[in-house]
Number of protein chains: 2
Amino acid sequence: MSACGDCPVRNHAICSALEDSELAILRRIGRVQDIPAGQTLMWEGDEASVVANVVEGVMKLSTSLGDGREQIVGVAYPADFIGRPFGERVPYTVTAITDVRVRSFQRAGFEKFAQEHPKLEHKMLERTLAELDRAREWMLLLGRKTAQEKLVTLLLNMPNRLSETQCGTPEAPLDHFELPFGRQQMADLLGLTIETVSRQLGELTKSGLITLKNQREVTIQDREKLADLAGQ
Amino acid sequence: MSACGDCPVRNHAICSALEDSELAILRRIGRVQDIPAGQTLMWEGDEASVVANVVEGVMKLSTSLGDGREQIVGVAYPADFIGRPFGERVPYTVTAITDVRVRSFQRAGFEKFAQEHPKLEHKMLERTLAELDRAREWMLLLGRKTAQEKLVTLLLNMPNRLSETQCGTPEAPLDHFELPFGRQQMADLLGLTIETVSRQLGELTKSGLITLKNQREVTIQDREKLADLAGQ
DNA sequence: CGTGCGATTGACTGTCCTCAACATGGGTGG
DNA sequence: CCACCCATGTTGAGGACAGTCAATCGCACG
């Protein structure tokens with residue numbers, strides 16, 4: 001019986017609003033689940049019977065059109081909440097893009113617990129508001145930025161979001177990191193094709209603004225010039 | 001001293017979570033404000049000192065790039081909440097697109113009241129989650145739909161959203177309505193230019209799927225065929 | 001009857017997509 | 001240990017869709 005004290009996201013996730021005694025109850029109604037990379041946890045349109053918290057790894061939230069065109073509408077890092085509380089259906093597909101560990105709850109039980117613990121609902125409200133801000137910022141990118149601006153924005157935002165939830169130093173943005181995404185996922189995130197993503201990364205490399213290694217490891221070489229290219 | 005009983009959104013806005021006695025307190029800390037079409041209530045990046053509820057009219061939430069490119073990231077109808085509670089700065093500009101009446105609150109006072117009334121925070125959480133769903137659905141449109149699909153989606157969604165908050169029958173989607181947007185606003189909503197919006201509306205009219213009057217009044221002539229063109 | 005804003009229409013351009021061939025590299029089995 | 005294979009990524013040529021620039025229209029207003 002490992003306590004939540006072990007949990008790597010204990011102090012970041014919504015649980016941070018709870019006392020140890022309350023946490024014990026919450027822990028009893030949830031269960032840990034390991035999901036291998038590539039596997040889908042819930043499907044768009046499914047009944048929303050489960051909600052969960054990411055403990056380790058990265059997941060994508062995506063929706064798609066009838067003919068298969070796909071758009072990633074959110075990315076869940078450790079401590080992020082997934083699923084659709086207080087709703088009938090999940091409005092997007094949730095898929096692991098690395099190996100993932102989550103703590104999942106029956107939605108009904110979780111909602112009951114939440115309504116009895118206003119501090120937890122408050123934390124959820126704050127998180128949801130922040131997520132909404134992020135979604136809207138991304139709408140600007142999708143609707144108005146050029147391919148180059150899109151990629152630069154992604155590269156500059158990446159380290160923030162990665163380090164924010166990860167343990168360690170959240171101050172200085174890292175200039176060397178590993179993307180959790182492949183080319184197709186970057187394309188689905190930015191509303192582009194893989195070819196365009198590949199070409200733009202090539203351009204940025206040729207101009208010496210970034211360097212690549214292993215296709216996933218990126219080093220920011222000139223943060224200032226990149227910031228100029230991001231559109232704002 | 002008009003009671004909230006008069007208020008057209010009394011039963012739809014977050015206030016619907018409150019008893020009359022609680023409502024009286026909330027009413028005391030808020031004030032009614034009338035805003036003419038075109039006027040901006042808060043600017044992107046401003047200190048978030050005020051939050052508000054739309055009582056009448058329609059407002060747009062928008063962000064923009066350094067060079068003026070703009071994206072509308074949300075539309076607030078009667079009963080919708082605007083501003084950024086629990087945040088330092090407003091992440092988007094809020095502007096009236098029709099004459100508008102709002103009830104506004106000092107953020108600090110409102111937050112204090114909210115934290116003392118969990119049912120209100122719960123209502124806000126539900127609304128924010130719904131808004132997040134809408135934002136994400138729009139991300140799919142911005143990232144992956146063609147110009148035609150974008151316009152068709154807008155036209156088909158419009159009546160839902162309009163009637164939802166308005167009094168009256170929320171069942172059958174209307175096939176005749178007046179857009180609250182001009183061409184530029186449609187363009188900023190869809191991530192297009194006014195010329196493309198104009199041309200696509202022309203196409204849809206020529207194919208007999210819709211008819212226009214006054215540039216703002218739209219009649220849906222063939223909802224089925226339009227639904228096919230929306231991509232899904 | 002002019003003025004001015006918003007919308008429409010046209011001609012042309014450019015960015016990004018499509019389709020296709022080719023490269024790379026990590027993993028498996030012989 | 002090497003050869004092979006498949007998934008993933010890169011590169012190239014050509015085309016389409018939406019953007020740009022500019023002229024014109026239509027209507028509401030003074």
Side-chain angles (χ1 to χ4, degrees), chain A residues 36-39 60 65 67-71 95 97-99 141-155 178-207 210-218 229 231, chain B residues 36-38 60 65 67-71 95 97-98 141-155 178-207 210-218 229 231:
Chain A
Q39 191 166 311
K60 66 169 184 178
L65 261 18
D67 59 6
R69 280 172 286 173
E70 178 178 325
Q71 176 66 47
T95 308
I97 64 177
T98 65
D99 289 344
L141 175 145
L142 291 174
R144 293 303 189 194
K145 291 195 177 178
T146 63
Q148 189 181 52
E149 291 169 337
K150 285 177 174 184
L151 263 152
V152 171
T153 305
L154 177 67
L155 294 175
E178 183 174 343
L179 289 164
F181 312 112
R183 295 291 181 270
Q184 183 63 61
Q185 284 158 356
M186 290 195 233
D188 291 341
L189 203 46
L190 300 173
L192 297 171
T193 59
I194 39 177
E195 292 95 331
T196 301
V197 170
S198 191
R199 277 188 256 266
Q200 293 297 336
L201 285 177
E203 294 292 314
L204 292 173
T205 304
K206 238 184 293 178
S207 346
I210 63 169
T211 47
L212 293 175
K213 205 173 96 185
N214 286 355
Q215 265 127 230
R216 296 249 179 162
E217 281 186 60
V218 182
L229 294 179
Chain B
K60 65 169 184 178
L65 262 17
D67 59 6
R69 280 171 287 172
E70 178 178 324
Q71 176 67 47
T95 307
I97 64 176
T98 65
L141 175 145
L142 291 172
R144 292 302 189 194
K145 291 195 177 179
T146 64
Q148 189 181 56
E149 290 169 337
K150 285 177 174 183
L151 264 151
V152 171
T153 306
L154 178 67
L155 294 175
E178 183 174 344
L179 290 164
F181 312 112
R183 295 290 181 272
Q184 183 63 60
Q185 284 159 355
M186 289 194 232
D188 291 342
L189 203 47
L190 300 173
L192 297 171
T193 59
I194 38 177
E195 294 94 330
T196 302
V197 170
S198 191
R199 277 187 256 267
Q200 293 298 337
L201 285 177
E203 294 293 313
L204 292 173
T205 303
K206 236 184 293 179
S207 344
I210 62 168
T211 47
L212 293 176
K213 205 171 95 182
N214 286 355
Q215 265 126 231
R216 295 249 178 163
E217 282 185 60
V218 182
L229 294 179

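Letters A, B, ... mirror the listed sequences (proteins, then strands); counts begin at 1.
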Worksheet item: Partners of A:Lys150 by side-chain hydrogen bond (donor to acceptor under 3.5 Å, both in side chains), sequence neighbours excluded?
Response: none
Return a table of donor-acceptor pairs under 3.5 angstrom between the side chains of residues 190-199 of chain B and protein atoms on other chains or two or more places apart.
{"residue": "B:Thr193", "atom": "OG1", "partner": "B:Thr196", "partner atom": "N", "Å": "3.3"}
{"residue": "B:Thr193", "atom": "OG1", "partner": "B:Thr196", "partner atom": "OG1", "Å": "3.1"}

Worksheet item: What residues form a side-chain hydrogen bond (donor to acceptor under 3.5 Å, both in side chains) with A:Glu217, not counting sequence neighbours?
Response: A:His176, A:Asn214
Worksheet item: When the distance from CE of A:Met186 to P of D:dT8 is rounded to whole Å, what number comes out?
Response: 13 Å
Fill in: Nearest heavy-atom neighbours spanning B:Arg144 and A:Ala187
NH2-O, 3.1 Å
Between the protein and nucleotides 28-30 of chain D, list every N/O to N/O distance that falls short of 3.5 Å.
none

Fill in: Contacts of B:Arg69 that satisfy salt bridge (Lys or Arg N to Asp or Glu O under 4.0 Å) - sequence neighbours left out
A:Glu149, B:Asp67
Practice prompt. Drop me the distance from A:Asp188's CG to A:Lys60's NZ, to the nearest 0.5 angstrom.
Written response: 6.0 Å
Item to complete: Not counting sequence neighbours, which residues clear side-chain hydrogen bond (donor to acceptor under 3.5 Å, both in side chains) with B:Ser207? List them please.
Response: none
Between protein and nucleotides 21-23 of chain D, what N or O pairs are separated by less than 3.5 Å?
{"residue": "D:dC21", "atom": "N4", "partner": "B:Glu195", "partner atom": "OE2", "Å": "3.0"}

Practice prompt. Could you state the atom-to-atom distance from CG of B:Leu204 to C1' of C:dT8 in whole Å?
Written response: 15 Å
Worksheet item: A:Gln185: what forms a side chain to side chain contact (heavy atoms under 4.5 Å, CB included) with it, not counting sequence neighbours?
Response: A:Ile72, A:Ile97, A:Phe181
Write down the protein N/O and nucleotide N/O pairs, taken from nucleotides 15-18 of chain D, whose separation is under 3.5 Å; answer none if there are no such pairs.
{"residue": "D:dA18", "atom": "OP1", "partner": "B:Ala147", "partner atom": "N", "Å": "2.7"}

Worksheet item: Once you round it to whole Å, what is the distance between P of C:dC16 and CG of B:Leu142?
Response: 16 Å
Practice prompt. Kindly write out the residues that satisfy side-chain hydrogen bond (donor to acceptor under 3.5 Å, both in side chains) with A:Thr98, not counting sequence neighbours, or none if the list is empty.
Written response: none
Worksheet entry | Degree of bending, the helix from C:dC1-D:dG30 to C:dG30-D:dC1 (end axes from five pairs; round to 10°) | 30°
Item to complete: Check the distance between D:dG26's P and B:Lys213's NZ and give it to me in whole angstrom.
Response: 19 Å
Practice prompt. Using whole Å, report how far CD of B:Glu149 lies from C1' of C:dC17.
Written response: 14 Å
Worksheet entry | Spacing of A:Leu201 atom CG relative to D:dT8 atom P, expressed in whole Å | 17 Å
Worksheet item: Could you give the CG-to-C1' distance, from A:Leu151 to C:dT15, as a whole number of Å?
Response: 14 Å
Worksheet, complete the sentence: In whole angstroms, the gap separating C1' of D:dG19 from CZ of A:Arg144 amounts to 11 Å
At a cut-off of 3.5 Å, list every protein nitrogen or oxygen paired with a nitrogen or oxygen from nucleotides 5-7 of chain C, distance to 0.1 Å.
{"residue": "C:dA7", "atom": "OP1", "partner": "B:Arg183", "partner atom": "N", "Å": "3.1"}
{"residue": "C:dA7", "atom": "OP2", "partner": "B:Arg183", "partner atom": "N", "Å": "3.4"}

